[in-house]
Amino acid sequence: MTLVAPPTLLPVGAGGWPCDISYDLDETLQQGVDAVMMLRLQAERMNDAFFPSTREYSRKWGFDDARLRALGEQPGAATVIMHPGPMNRGLEISSAAADSERSTVLAQVRNGVSVRMAALYLLLAGDSHQQSTPIEQKGAVL
Amino acid sequence: MTAQNRYLIKGADLAGAGRTDLLIEDGRIAATGRDATGNGAIGNGAKVIDADGLVALPGLVDMHTHLREPGREDAETVETGTRAAALGGFTAVHAMANSSPVADTAGVVEQVHSLGRRAGWVDVRPVGAVTIGLAGERLAELGAMADSRAKVRVFSDDGICVSDPVLMRRALEYVKAFDGVIAQHAQEPRLTEGAQMNEGEVSAVLGLGGWPAVAEESIIARDVLLAKHVDSRLHVCHVSTAGSVEIIRWAKERGIKVTAEVTPHHLLLTDELVRSYDPVYKVNPPLRTDEDVRALREGLADGTIDVVGTDHAPHPTEAKDCEWAQAAMGMTGLETALSVVQETMVETGMLDWSAVARITSTTAAVIGQLQDQGRPLQVGEPANITLVDPAARWTVEPSRMATKGRNSPFAGRQLPGAVIATFFNGHPTVLEGKLDTPRPGGPAWNE
């Protein structure tokens, strides 16, 4: 698992997570990945100095036509393209990528409904919750 | 001479200076040691308090209390907040200015002061706002508050940072006229927009908005340099990070007039607790990391941090019994402060009881210029005395507290040390660990 984003969008403290972190989407894609999932760029992120402009974001971190083409030139790359939706077409993902044969976006969104239904059902119909004793013990310097 | 105002404390440990007896008469310490027990004191009907095994401290002085009145009497009143203070061993509290209306005029500080006089549990010292309405735009009438019956000497926009550097500079300069001090809530506002908890490994996992240490440290760095430049007194409220301790240590080494406070909760608790999403752990500045807790304890032990201030911040249940992001920030602290200090500083061997007297009473009285508080327990001094049983162990139960706030982060935790008695100007406000009676006196306008 590799997180690829501008440093401003990666949480402080993510360095200790069990994953790799990269600021270079092309380099990561060249290493060959089974799946690449874009996440929706929220509107509020666009106006608070997280990156200079949506165009620069799109050029550096968007899955655009050029990156889709580069994937096609990789021998034997079976990489699937994912996105939880809703998509900002032309920003973090191009229409060609979103609608390509590699895309599993529609299935992913459909499955997401089932997963949410299951989570809500478990939470609302579940048994009494666990006590948080381990956290309490961990949260004090003794 | 009546029996009501004569008390003989027998066999108290004077904060490490050995066991002695203390005779209290008419609000002052009339005799100590053999002079107290001799002289026919018992025969004269002095009430005897057996202090065998108890430590006597000068009455505790809190630099940082939210009494909520006027305006938020649903959260706390001067009466309930000062009852809690007395039970916690305090004889004086600094009441923060973020009431409604804000304590930014002579009228409001005099109101809070006289409410404290009427309650009679502790000396209530109002803190005046630095800027009108805590808005950070124009200086409040600092001189009028200083000249008022409340004789304000500590000014703070606590809850909000005086972030404008020019305004902070002017405030620091202006209060020199009456030897006041600006108590800064160090929080760079732009760096903490939407902040919910300490920014670090835990916030990264929980996805809650981060409150980075640098937002506190950058303001403290700026303010100590401003205090140096204009040669004024700065007090830093609720220091919470290792970096802040370093900056204050640096400033003190250079003779800058800065004092600093740490809260009991920042001495014990860490941001790991936020994983529970229980808003009782939501506080500003937020709970930090193990490393910060250790640096704060070391700073308090070596004198970099001068005092413990509770930042007692009661909230009604509905402000805490909700989702994390919606919850109010703050914790109660008056009735647990001394026990947490014992747990974190005394039981760890970092401080002895005479140093506890310094950080909980003496230095706070000097910073706030309270002449009758934080005095040594000697003949002729005002009888503001707290008796503590260091051997006691108790389990924190917020529902049994005198404060209206039920938001204690120590609920269910066993803590060492119990306040057995509190004498406020010679009057016992607490005896046998329970509230006794307020000191008769009445509102200030009667005197």
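Numbers restart at 1 for each chain; the letters A, B, ... are given by sequence-line order, proteins then strands. In this text the structure is predicted, and so the values were computed from the model without any measurement. Values reported hereafter were calculated over all heavy atoms of this structure, with side chains retained and with hydrogens, waters and symmetry mates removed.
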Next on the checklist: Is B:V202 in contact with chain A via its backbone, its side chain, both, or neither, using a 4.5 Å heavy-atom distance?
Outcome noted: neither

Checklist outcome for this item: Here the pair of heavy atoms bringing A:A140 nearest to B:R413 is CB-NH1, 3.4 Å

Item to check | Largest heavy-atom contact set with chain A, pairs under 4.5 Å, which of B:T270, B:L287, B:D290 | outcome: B:T270

Item to check | Heavy-atom pair count under 4.5 Å with chain A, highest-scoring of B:V205, B:T348, B:L268 | outcome: B:L268

Next on the checklist: For B:E347, which atoms come within 4.5 Å of any heavy atom of chain A: side chain, backbone, both, or neither?
Outcome noted: neither

Item to check | Other residues, nucleotides, ligands: >12 heavy atoms within 6.0 Å of A:D99 CG | outcome: yes

Next on the checklist: If you count every heavy atom of other residues, nucleotides or ligands that lies below 6.0 Å from A:L106 atom CG, does the total exceed 12?
Outcome noted: no

Item to check | B:E201, CD: over 12 other non-hydrogen atoms inside 6.0 angstrom | outcome: no

Checklist outcome for this item: All heavy atoms of B:A204 vs all of A:V12, minimum pair found to be CB-O, 3.4 Å

Checklist entry - Any chance CD of A:E101 has more than 12 other-residue heavy atoms, nucleotides or ligands included, within less than 6.0 Å? => result no

